[in-house]
Amino acid sequence: MLTQAAHQAQKSGNLPAVTLPEVVVERPQNPEHGDYASSLPLKLARATGVNPLTIAEGMAGLIGAATEIDNIAVAPPGFINFTLKSDWLASQVDSIRQAGDAYGNIDLGQGSRVQIEFVSVNPTGPLHVGHGRGAILGSTLANMLVAGGYRVEREYYINDMGNQIDVFSRSLYARYQQCVNIDVEMPSDGYFGDYMVDLAKEIMAEEGDRFLALSESEAVPRIGQLGLDKMVKQIKEDLELVGVSFDVWFSERSLYDNGQYEKVISLLRRGGHIAEKEEANWFVSTALGEDKDNVVVRGDGSPTYFASDIAYHYNKFIERKFDRVINIWGADHQGHVSRMKTVVGALGIAPERLEVVISQLVTLRRGEELVRVSKRSGDIITLREVVEEVGADACRFFFLSRSADAQMDFDLELARKESPENPVYYVQYAHARIASILRLAQERGIDWGDGDVSLLTTEPELALIRQMMRLPEIVELSAQTLEPHHLTYYAQDLATSFHSFYKQCRVVSKDEALTRARLKLVEAAKLILAKTLHLMGMTAPEKM
RNA sequence: GCGCUUGUAGCUCAGUUGGAUAGAGCGCAGCCCUGCGGAGGCUGAGGCCGUGGGUUCGAGCCCCGCCAAGCGCGCCA
């Protein structure tokens, strides 16, 4: 509409012919400014030198009547404000009920394929809270992208080879021997956490001492493999506790078994991106504007993890042909981002197709008291401990409520509280409250299927509808910016609009027609609340 | 030293990609139950948006400098 009006103005000569800026329509913060607003005249003023207010007035006059629009107003310094018709707003209640679960889904992605890889923690130890943040972020982002019309695959990359696995295997072998009181030293760079002792005991219980008969060089990899399988299984279980699951568990080792590694290295070599220096093979990223080169193949011929990552991304883009690839990495990997993008570019893939979301550090607190999260053995707070303490829903909501690139405090005391201080309950309570109203209506035998939504005319009712209609916008915003934290704020706004409506408008009353209309409204609100909660991977309780 | 991220109300944080009077939750000071769930509603106080410049009709947002915090800068992952 705005574009049309601008073009018309240009045709009639009232506006100089300049290329239009991107037409942006936004929701004003102040409700007095209508439901939607555009600052297009202000933007045009710069290019044309015409007074923005004049442009706005001219354009507003050219915008034709529409069924949805009640009023178009011009406000200084040059905004055009739109107000929606209240009967059109009310009719949206029927639309929402009809769309059901699908309301809020949009076709931003147009069915393009996006892979989202997250967590991907080395299976050498249990998940801690920082990993949990990435896990919840990733799974929610995946939900958002599905709602955004993308075909999404969730993937966990298992680092099942290399240095750390060797250390892990040797550590486990030492603990295994210690189970039967053989006096051996742990490797000095080993994994000293208590879980390694438990793991060794478990293997001893299940497999007996038969590995003692083997030579060390035979026993270490076999015990290591057993331990690794167990760790992966435990990681999988811990993730399921917070509602995180994957479509694909991808083995790093498979890249070598399937020849991806050989293929990608020779590809880089042909492109002149590999140079030999001090017996090692380097990816010469300095030639592409990076700060330094990186070793791909060590002096002893073994590949670095960077080599694996190159092969892995080659596999994602070229072999599996994803349109977009999203990686969620912890803050300690951010130095890796630009060289990864550079190498993807060197493989002839547009670097924008790789997006990396960095999930920042988490500090745990109990009220005022900081909980030390030390890397030193035994001292780590695992994800499982936190979930068991505060519950999966609260855990998810709290992790989601901060943008990924901000460090956050996680207050265990607050998350655990079942009181109004805790926003998790505020939102879920709204859902349960509606469920309770609908139960009451059912008990009284009320059938609201033919309710007349045009009876919904008061401000609290319309405000609630406006709030419900924001869901598709939130989905779009979150999917576009890869920022799911908007959901938590939206969920609270939505709950607030409902609670406020509830206080002012009696739903089940003597006025039977109005009762049926309002039952439709709250049922629609329940749908939106549930959808929002489900997008965040949370439950929508019928009772609390 | 270099790179990335962060700095907004007492606390924890948003801020729709440069727009209108900077918001929310908690905390604080009050008010509201003769009705569907008070795990609720309403009102109020509280701000040099780290800091100094710049860009322009307009900056919390963009550019440069500085200060502070976190992370990274291995032939570890």
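None of the values given here were measured: they were computed from a predicted structure.
Residue A:Glu542 is classed as a base contact, given a heavy-atom separation below 4.0 Å to a base.
In this structure, B:rC33 is classed as syn because its glycosidic torsion stays within 90° of zero. With a glycosidic angle no more than 90° from 0, B:rU17 adopts the syn conformation.
Contact between the side-chain N/O atoms of A:Ser338 and the OP1/OP2 oxygens of B:rC4 is not found at any separation under 4.0 Å. Between A:Thr496 and B:rA24 there is no side-chain polar atom (N or O) within less than 4.0 angstrom of OP1 or OP2.
Comparing A:Leu42 and A:Asp291 along RNA chain B, the residue whose closest nucleotide (by nearest heavy atom) sits nearer the 5' end is A:Asp291.
Salt bridge annotation for A:Glu459-A:Arg466: present, with a cationic side-chain nitrogen under 4.0 angstrom from a carboxylate oxygen. Remark: A:Arg269 does not engage A:Glu276 in a salt bridge, criterion side-chain N to carboxylate O under 4.0 Å. Ionic pairing of A:Glu117 and A:Lys316 is present here: one or more N-O contacts between side-chain nitrogen and carboxylate oxygen are shorter than 4.0 angstrom.
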Annotated protein contacts, base or backbone, on nucleotides 71-77 of chain B with a non-hydrogen cut-off under 4.0 Å, one of B, S, - each: BSSSBBB
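Judged by distance alone with a 3.5 Å cut-off, a donor-acceptor contact links the side chain of A:Asn81 to the base of B:rA20.
The nearest whole Å value for the distance from the OH atom in A:Tyr425 to the C1' atom in B:rG37 is 16 Å. In this structure, A:Leu438 atom CG and B:rC36 atom P are separated by 16 Å, rounded to whole Å.
The gap from the C1' atom of B:rG30 to that of B:rU34 amounts to 24 Å, rounded to the nearest Å. Rounded to whole Å, the C1' atom of B:rG60 lies 5 Å from the corresponding atom of B:rC49. Using P as the reference atom, B:rC63 and B:rA69 are 23 Å apart when rounded to the nearest Å. Taking atom C1' on both B:rA59 and B:rG54, the two are 11 Å apart, rounded to the nearest angstrom. Atom C1' of B:rA9 sits at a distance of 11 Å from the matching atom of B:rG27, rounded to the whole Å. Between B:rU12 and B:rU8, the distance separating the two C1' atoms is 12 Å to the nearest Å.
A side-chain donor from one of A:Thr342 and A:Glu290 sits under 3.5 Å from a side-chain acceptor of the other. Between the side chains of A:Arg470 and A:Gln467, at least one donor N or O sits under 3.5 Å from an acceptor N or O. A donor-acceptor contact closer than 3.5 angstrom is absent between the side chains of A:Asn159 and A:Gln164.
Shown for residues 466-477 of chain A: no residue has heavy atoms falling under 4.0 angstrom of RNA chain B. Taken residue by residue, residues 506-530 of chain A places heavy atoms nearer than 4.0 Å to RNA chain B at A:Arg506, A:Val507, A:Val508.
In this structure, A:His33 packs face-to-face on the six-membered ring of B:rA20, meeting both the 5.5 Å centre cutoff and the 30° plane limit. Ring stacking is absent between A:Tyr426 and B:rA39, as the pair misses the limits of under 5.5 Å between centres and under 30 degrees between planes.
When the options A:Trp329, A:Phe118, A:Tyr312 are evaluated for a ring-ring contact (aromatic ring centres under 6.0 Å, His included) with A:Tyr157, the one that passes is A:Tyr312.
In this structure, A:Phe498 has its ring center no closer than 6.0 Å to that of A:His431.
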